[in-house]
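The structure appears right after this line, and notes come after that.
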Amino acid sequence: MLQKIFTAFGLNEAFDKAVPFGSGLINHTWKIKNGNNTFILQRINDQIFKDPGAIAYNIDITASYLRQHYPDYLFVMPVKSIYKEDIFFDEEHGYFRLSPFVENSHTIDVVKEPLEAYEAAAQFGKFTKLLAGFDATQLKITLVDFHNLTLRYQQFEQALLNGNAERIQQSAKLIETIIANKSIAAIFEKIKLNTNFKIRVTHHDTKISNVLFDNNIKGLCVIDLDTLMPGYFISDVGDMLRTYLSPVSEEEKDFSKIEIRNNYFAAIAEGYLGQLKDELSTEEKNHFVYAGKFMIYMQAIRFLTDYINNDIYYGSKYEGHNFVRAGNQLTLLQKLMEKEDKLQQVVTNFNATQTPATAV
Ligand code: GN1
Ligand code: MG
């Protein structure tokens with residue numbers, strides 16, 4: 001299948017050398033060697049991204065802005081096909097895009113030390129900062145209502161009405177926990193009406209594997225701009241808190257291993273606020289820990305809704321997969337809420353003194 005795609009991108013020496021890359025749930029990614037050059041090939045899931053051209057458009061206009069204003073910023077540009085397009089469409093296999101693999105860079109799948117969390121947070125913060133003068137509303141919406149917690153909650157309620165009855169019954173405890181924490185969605189309603197929350201260029205997928213590192217664990221840039229859209233900072237900070245704070249991921253079945261690591265929290269706060277402290281309003285900063293609650297809660301809702309809807313969105317690798325992931329996220333949420341005040345204090349102290357709370 002990939003042969004045809006290689007040809008379309010002029011990768012004539014790449015035959016049979018595609019290796020699956022990364023662990024994303026939505027798009028397929030391969031690392032490819034073509035002679036001495038290495039590339040990343042990605043198939044865009046057009047069941048989810050209905051307009052792949054919008055992704056290419058967003059990358060194009062952001063790249064132009066950054067090139068003009070910050071020519072030194074490393075921006076990984078797509079490689080054009082032999083038809084001079086950013087995305088190659090094949091009737092049979094779908095939408096593909098190619099990027100160069102940046103020499104001496106690597107991605108990581110799991111955060112292993114606070115420095116990595118700090119660097120990643122600094123890169124996501126820097127990206128939003130550099131684009132602060134760019135009108136975020138120019139970006140096309142690649143996924144409608146992606147981080148709209150209001151809608152996610154409604155979809156959950158809808159699933160409770162129409163979903164798999166057996167699974168609803170089995171999920172009673174998790175459903176109860178989601179309903180009990182509805183105030184998290186109510187706060188989001190207030191944020192949407194609050195002009196102190198600015199609409200910014202937001203990445204919307206800040207997992208650690210979306211940051212390129214050099215060999216000295218220095219962050220180089222952010223990658224994977226599929227979900228680059230106008231949004232709130234809580235999306236980016238929230239997904240970092242969701243995915244870097246615990247030593248185990250959303251896949252972990254043994255919930256006793258889920259933990260909130262204070263030093264990783266401090267690293268994220270310092271990395272992000274180090275870039276954006278003058279850009280964020282006081283109210284935004286006061287919602288730093290809320291960002292984590294927002295994203296973890298929304299992810300729990302999305303996993304459970306999908307489970308109740310027979311795994312139509314995420315699919316499942318084993319029976320009960322999305323049920324487990326929802327339970328995992330609700331445990332993470334509870335552990336974060338137990339430490340909420342203490343963690344928010346770390347942010348407040350950092351803002352007051354502008355000095356790191358921990359040496360990283
Ligand atoms: C999906 O495919 P991946 O891992 O990049 C999802 C994210 C979720 C994540 C949970 C487009 O991202 O929102 O947080 O799974 N992306 C989409 O693992 O739905
Ligand atoms: Mg992604």
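What's counted below: heavy atoms across the whole structure, side chains too, no hydrogens, waters or symmetry copies. Residue numbers start at 1 and run along the sequence shown. Counting starts at 1 for both ligands and their atoms, in listed order. Given the structure is predicted, the values throughout are model-derived calculations rather than measurements.
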Taking 4.0 angstrom as the limit and counting only heavy atoms of [X], give me the atoms of ligand 1 inside it, by number and element.
X: Leu143; answer: 11 (C)
X: Glu250; answer: 10 (C), 18 (O)
X: Tyr314; answer: 8 (C), 15 (O)
X: Tyr313; answer: 11 (C), 17 (C), 19 (O)

> Are Phe156 and Tyr153 close enough that their ring centres sit under 6.0 Å apart?
Replying inline: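 Yes, they do, as the ring centres are separated by less than 6.0 Å.
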> With a 6.0 Å cut-off on ring centres, are Phe96 and Phe88 close enough?
Replying inline: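 For Phe96 and Phe88, the ring centres are not under 6.0 Å apart.
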>> Below 4.0 Å from ligand 1: does a non-hydrogen atom of Met295 turn up there or not?
In response: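 The answer is no, since Met295 has no heavy atom less than 4.0 Å from ligand 1.
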> Contact between His204 and ligand 1, counting heavy atoms under 4.0 Å?
Replying inline: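 Contact absent.
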So is there a nitrogen or oxygen of [X] less than 3.5 Å from a nitrogen or oxygen in ligand 1?
X: Gln299; result: yes
X: Ile26; result: yes
X: Lys207; result: yes
X: His147; result: no

Salt bridge present between [X] and [Y] (N-O < 4.0 angstrom):
X: Asp51; Y: Lys140; value: no
X: Arg43; Y: Glu92; value: no
X: Arg67; Y: Asp72; value: no
X: Glu251; Y: Lys317; value: no

>> Quiz question: by atom type and distance under 3.5 Å, do the side chains of Lys285 and Thr348 form a donor-acceptor pair?
In response: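 No, Thr348 and Lys285 have no side-chain donor paired with an acceptor closer than 3.5 Å.
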>> Starting from Leu212 and following side-chain heavy-atom contacts under 4.5 Å between hydrophobic residues (I, L, V, M, F, W, Y), which residues can be reached?
In response: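 Members alongside Leu212: Leu74, Val76, Val102, Leu220, Ile223.
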For ligand 1, the portion of [X] having any non-hydrogen atom under 4.0 Å away:
X: Asp205; answer: side chain
X: Asp226; answer: neither
X: Arg242; answer: side chain

> Hey, which of Tyr314, Tyr307, Tyr318 is the one that makes ring pair (Phe, Tyr, Trp, His ring centres under 6.0 Å) with Phe323?
Replying inline: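 Output: one option passes, namely Tyr307.
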